[in-house]
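Working notes for the structure below.
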Amino acid sequence: MEKIGIFGGTFNPIHSGHLMIAEFLREELKLDKVLFIPTGNPPHKDLNVSAIDRYKMVKRAIKTNDKFEVTDIETKRENLSYTVDTIRELKLIYRNAKLYFLIGLDTLFQLRTWKKIDELSKEIDFAVALRPKYIDISKINEEISYLQDNFDTNVEIIHTFQLEISSTDLRKRIRDGKSVKYLMPDNVIEYIEENNLYKND
Ligand code: ATP
């Protein structure tokens, strides 16, 4: 059976931390591919960078990895949708595949607040990337038990390397005129420069 990792995020912008855990999880879970899904722009939120720009940056970033793909399933939508609707749509496309939702540790602790997490949990299992030196494993186990008890969520922990990079920090560095080289692929940096993104955030 084909195994596909679903990696959703704002990717505003995509960075080496995202790419590294996607590759790690792909290897550890023996995934045939990882499908990146940039989220749409919330209509009420005036993000400076369009959904199309974020999608295009992901497309560039994954160019050299033939196991990575990106879809515009969410960025092309006029209205924001629930993750569960996206997953249901994908399951119609990949009928015979086992899907995993790939997340970082910060997202694990946000899952309980996601809209329709109970429905989503019925559709897909989660794989969370855990930093090797993360000390408070009991807090993680507690959260996983909470999700399991309340929403029937299945979460698998995968120990990975991780880079302490966030899109928030990168946006700030760009705004401050600082270097982001090696923190994201060169072709993404070029896109940001060509389109003057994040400069005046
Ligand atoms: P922001 O700083 O704007 O909140 P972010 O860097 O956390 O953004 P997202 O697009 O929100 O990026 O994240 C998408 C997914 O990638 C989430 O599941 C998040 O937990 C994970 N992630 C983000 N940064 C890292 C990182 N450095 N290492 C591992 N996972 C990460």
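Numbering starts at 1 and runs along the sequence shown. Counting convention: from 1, in listed order, for ligands and their atoms alike.
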Using the ring of each side chain (for Trp, its six-membered ring), is F36 parallel, tilted or perpendicular to F11, with breaks at 30° and 60°?
tilted
Would you confirm whether [X], through its side chain, and [Y], through its main-chain N or O, come within 3.5 Å as a donor-acceptor pair?
| X | Y | result |
| --- | --- | --- |
| D32 | E2 | no |
| N41 | V49 | yes |
| R171 | N12 | yes |
| T160 | Q162 | no |

State whether a side-chain donor-acceptor pair under 3.5 Å links D169 with S167.
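Short answer, no.
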Shell of residues surrounding ligand 1, defined by a 4.0 angstrom heavy-atom cut-off that is strict
F7, G8, G9, T10, F11, H15, G17, H18, I21, I103, G104, D106, T107, Q162, L163, I165, S166, S167, T168, R171
